[in-house]
Each structure stands twice: as C-alpha cells, then as structure tokens.
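We use all heavy atoms of the structure for the numbers below, so side chains are in, but hydrogens, waters and symmetry mates are not. Proteins get letters first, then strands, A, B, ... in listed order; numbering begins at 1 in each. If you're wondering where the values come from, they're calculated on a predicted model, not measured in any experiment.
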Amino acid sequence: MIDIKFIRSNPDIVRKAIVDKNEKADLDILLAADEQRRKLQYDFDQLKARQNAVSQIIAQKKRAKEDAGTELSEMTMVADEIKTIQAALNEVSADLDARLLTIPNLPHASVPVGRDEALNEVLRHEGTARKFDFEPKDHLDVANTNRMLDLPRGAKISGSGFPIYTGFGAKLERALINFMLEYHLQKHGYSELMVPLAVNRKTMTGTGQLPKLEEDMYHIGEDDLFLIPTAEVPVTNLYADEVLSYKDLPQKFVAYTPCFRREAGSYGKDTRGLQRLHQFNKVEMVRFVEPETSEAALEDMLNDAEDILKAFGLHYRVVSLCTGDLSFASQKTYDLEVWAAGSGKYLEVSSVSNFGEFQARRANIRYKDAEGKMRHLHTLNGSGLATPRLMIAILESYQKADGSLDIPEVLKPFMELKV
RNA sequence: GGAGAGGUGACCGAGUUGGCUUAAGGUGCACGCCUGCUAAGCGUGUGUAGGGGAAACCUUACCCAGGGUUCGAAUCCCUGCCUCUCCGCCA
C-alpha cells in the first residue's frame, strides 16, 4: 500500500495514478477519514494520559488505606468517554485501512501513460521467427497428432481449462519445468522453494490480490483459503511480518507451482487449446532487495526470463506495459511475448515486475539498513516462465512437415533421464 | 477429530491472590572508562507504531490476535490462531 503520509502530502500524484491505472478509489473520503482518525487519536491519547495518571493516585491511596472516592467517580466518567471514543476510533481506523488497501501502486516515471494494452510500448524483438516450407499447424493440431493432450477428458473431470497432458506431452511439460528450474538455480543463482498452493486471506492481501481480485480466485470456503494464482503470493509473503538485516539482502527465490485462475469475465476469449487455462504450471522468480537496487534488479530479472526463451531458440518481443495495463500492485512491468509460429501471433509468457515497497508495506516486510534504520524493502517477481504458451510456441515452431515434432536441444537431456 | 500443556521485548527468563512493573533480572549489542595484551571489570544506552514539538523531549498503543469484566489487566473471562505431548484417523 501507499504510505498514508505520502498520500496526505501528495494527493494529486496519487489521484493521477488512480486515473492512469483505471482504478476507482475516492481519495477525498480517504483523506477525510485520515483527518478524523488523527483527531480521535489525539482525544483518545489525552484521556488515556489522564486515566493513567489518576490510576496511579488511586493505587497509592488504596495502599495507604485512604479514600479515593473523588478520583474513582471522575474515572468512571473518563472511562465512559474513552470507551465511546475508542469505538469511534476503531471504526474510522478500520474504514481507513480498508480504503488504503484499494489505492493502487504508483506507476514508475518511465512507464508510458495509456488507457489499455494498445498503448503498451514494444521495446525490441529478439531471435528469429521460424520460416516454413509447408503449411504450419497450430499447437492443438500438433499436440493431437502427437497424442500430447487430452483436453476433452480434462473438461469431463474438472471443466474446460483444466488440461490433461498425456504421455509425451506430460513428459515434455515436466522437462520444461525442470529445465527452467535448473537453469535459474545453476546459472542465475536463485534458491528453490516448494510452497503451499492454498493460502489464507492475509497472505492474499499482502501481495495485493485481495481485496480487488477475489472474484478471480478459487476459494475454499470451509477453511477460507485461496488457491494461488501464482507462486508470487506464497513466496513474497515468506518474510511477512519479519525484519531482515541489510546483510541478508538481496535474496532470490525460484519456485515451481501450478497456478489457478478463474478467469472470470474472459470466457470465449482465446480459448483454443492451451491459450487460456484455469490451471497451469509456472516457474516463478521472486526477489527481495534494498530500495536503491530494485530498478537494476528489474532489468536483471528480465534478462533471466529472456535467457530461457533464448535457450529454446524462440522469437519473442519485449513490451513495457503502459499505466492502464499495469497491475494494481505493480510500479513497472515488462511482458515477454513469444512468437507462436503456427498461429502467427505473440503470446504473453512472462510478466516481470517491480513492486517497489508496495507489497512490503502490505505484508509488513522490513529490514534494518546499514545505518540501523528500519525500512521497507522492495519486492520483484517475474515468470520464468509460464508453460502453456511456451508449449504452444515450441509445438508450433518445432513441428515438422510430416506432422511429427522436434524439440529444443536443451530439453533433450531432460527427456532422456535414466533410472 | 479427542485430551492436556503453553504462547512475555534480539534471545533466555521472572511476573498468573488485578494497582509501588506503563514488564524485574540475565545474555547479546552499541558507546565510554579502566586495565598494556586473544580476557575480565565498571558506567550509560539499547524495540516498533501513531500523535505533538525547530529540537531536547513529551505522550498514546503494543506481554500471539480479537472481544469482554473493571476506576485500573501481561495478570480474570470468552473466541480464534499457532506450537508441543498423548490418543484416534490417514497419503
């Protein structure tokens, strides 16, 4: 969340951010609540101070076996007043806190201002697109020819959007995950985590999914748990309510998890094959860094994600999201879009974001800097990568004229593990 | 799921007949002094968050969390969460 003190002294900057990000939040009501909270807090403090002082006197008199009737009757009234003010204070504070959670992060100055994805900025293209001397099929045809997917039975068991990978397909999916994990571990210096796939409300609020995106998540009502939409959630919350030392930073984690998304409101859009799913696999990178280094860390993590696409020899482009396409919690985001050679379009396979101190404030993750000062650290995360669209790009780019499939060289060792 | 025990400051650990504790004592840490030697001793300081103040500083809250009783709660009551032990069930 944004520091209330910052909002108080820079309301116009925050207002602009809300508009640029297409969010809705009434800053005037929030500021009024803040004003009221401080006033009530002041009154409360005064009365409490009085109560504490007189309580000392009462205690002394009681010990000396003196009469404290005057003090007691005064305190009865003060206690009453305190109770009333405290109730009001609690209410205003709760309202203020709830409102603060609806204020989006401020976009970084380098982020292009724009209403929607049409105004995203394509920064560069990398690699070369596969050229065919035959009519290429799209990924679903390639998958079916090679018996790699069974989407109808996935739909029977769970519903559409819950894929079944079969035989060679399952093995290829597993190889992708393993390759990416090992790559980040061995070449990029990340540490691996395996984390819970169902998390509580507080955790979901910490990274910013709640309260805004409750409708987009699978909820287990019995236990009030949510299935994670990304490993970002459990991994970033690893240090919630903790204080680290500057000596502990930076920290880099990588985690593979399935991801669950209800995709409410996007039915009928890009539904063929693996394009949009309710359950998919992803290898996620998360970093905890000192504030001064987060901008460089974002570029570095972008490279980490790109290295995977390069290792697979795939063509892709790098996009800087405009304010309107930026997520609620993000300060700056790069998307990597891989070229789907068969269907002829770019598909998002990675989103690499710097959240600044936004998530650290929500999740209460702090550190002591070299001067011993308590500060919020910065968090970043990036997909490295999500598998479904990566699989699409590989199937379409590596298909052969006879309908069979080749695969990237780097994956072959992972397909040939011996027991 | 059943029974019991417990959750105190960076750490250990007192405090549970409610009020000279708005948390003793110790360890650690920081600074200073002394001692001339990988040590010991002495002194001072040592949390987070909010409010006020130019500052020194003052003040409020926080003893797992949230309610309640009371003039007053770390201490009493209720609910929840977590940890440990035993039993049951189970991959």
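Taking the six-membered ring for Trp and thresholds of 30 and 60 degrees, A:Phe179 and A:Phe312 have ring planes inclined between 30 and 60 degrees apart.
Across every strand in view, B:rU70 sits unpaired, with no contact that passes the Watson-Crick or G-U test at under 3.5 angstrom. B:rC20 is unpaired under the Watson-Crick or G-U wobble criterion, no partner having all donor-acceptor distances under 3.5 Å. Across all strands shown, the partner of B:rC62 is B:rG47, judged by Watson-Crick or G-U wobble contacts whose two distances both fall under 3.5 Å. For B:rG25, the paired base is B:rC12 (Watson-Crick or G-U wobble, both distances below 3.5 Å). Base pairing analysis places B:rC37 opposite nothing; no Watson-Crick or G-U wobble pair with both distances below 3.5 Å involves it. In a base pair of the Watson-Crick type (N1 to N3 plus N6-O4 or O6-N4) or a G-U wobble (N1-O2 and O6-N3), with each distance short of 3.5 Å, B:rG32 is matched with B:rC42. With both pairing distances under 3.5 Å, B:rA3 is matched to B:rU85 as a Watson-Crick or G-U wobble pair.
Distance noted for atom C1' between B:rC76 and B:rC82: 23 Å (whole Å). Comparing the same atom, P, in B:rA14 and in B:rG6 gives a spacing of 13 Å after rounding to whole Å. B:rG72 and B:rC20 are spaced 16 Å apart, taking the P atom of each and rounding to whole Å.
Proximity note for A:Arg37 (side chain, C-beta onward) versus B:rA61, B:rG50, B:rC71: the nearest is B:rG50. Side-chain proximity of A:Phe44 to B:rU48, B:rA61, B:rC20: nearest is B:rA61. Each of B:rG19, B:rU48, B:rG72 was ranked by its minimum atom distance to the side chain of A:Met374; first place goes to B:rU48. Relative to the side chain of A:Ser55, the nucleotides B:rU48, B:rG72, B:rG51 differ in distance, and B:rG72 lies closest. Closest to the side chain of A:Leu72, from the set B:rU60, B:rC71, B:rA49, is B:rC71. Nearest nucleotide to the A:Ala49 side chain, out of B:rU60, B:rG67, B:rG51: B:rU60. Distances were taken from every side-chain heavy atom of A:Ile58 (C-beta onward) to each of B:rA61, B:rG19, B:rU48; the shortest belongs to B:rG19. Across B:rG67, B:rU69, B:rG19, the shortest atom-to-atom separation from the side chain of A:Lys83 is found for B:rU69. Among B:rC20, B:rA61, B:rG50, the nucleotide with an atom closest to any side-chain atom of A:Gln41 is B:rG50. Of the listed nucleotides (B:rU60, B:rG19, B:rG67), B:rU60 has the atom at the smallest distance from the side chain of A:Asp45.
In this structure, A:Glu81 places its CD atom 17 Å from P of B:rU60, rounding to the nearest Å. The CG-C1' distance, from A:Leu96 to B:rG51, rounds to 15 Å in whole Å. In this structure, the CD1 atom of A:Ile365 is 17 Å from the C1' atom of B:rU48, given to the nearest Å. The CD-P distance, from A:Gln51 to B:rG19, rounds to 16 Å in whole Å. In this structure, the CD atom of A:Glu242 is 15 Å from the P atom of B:rG9, given to the nearest Å. Between the C1' atom of B:rG50 and the CD1 atom of A:Ile7 lies a distance of 16 Å, rounded to the nearest Å. Taking atom CG on A:Leu40 and atom P on B:rU60, their separation rounds to 18 Å, with Å as the unit. The distance from atom CG of A:Asn52 to atom P of B:rG72 is 11 Å, rounded to the nearest whole Å.
Each of A:Lys48 and A:Val54 was assigned the nucleotide of RNA chain B with the nearest heavy atom; the assignment lying further toward the 5' end belongs to A:Val54. When each of A:Thr76 and A:Ala59 is assigned the nucleotide of RNA chain B with its nearest heavy atom, A:Ala59 is the one assigned upstream, toward the 5' end.
Note on A:Asp20 versus A:Lys16: salt bridge recorded, some NZ/NE/NH1/NH2 to OD/OE distance being below 4.0 Å. Between A:Glu371 and A:Lys373 there is no salt bridge, since no side-chain nitrogen of the basic residue lies less than 4.0 Å from a carboxylate oxygen of the acidic one. The residues A:Arg15 and A:Asp12 are annotated as salt-bridged, a charged nitrogen and a carboxylate oxygen being separated by less than 4.0 angstrom.
Two rings, from A:Phe288 and A:Tyr239, have their centers less than 6.0 Å apart. Checked against a 6.0 Å centroid threshold, the rings of A:His278 and A:Phe260 do not count as neighbours. Taking the six-membered ring for Trp and the full ring otherwise, the centers of A:Tyr190 and A:Tyr183 sit at least 6.0 Å from each other.
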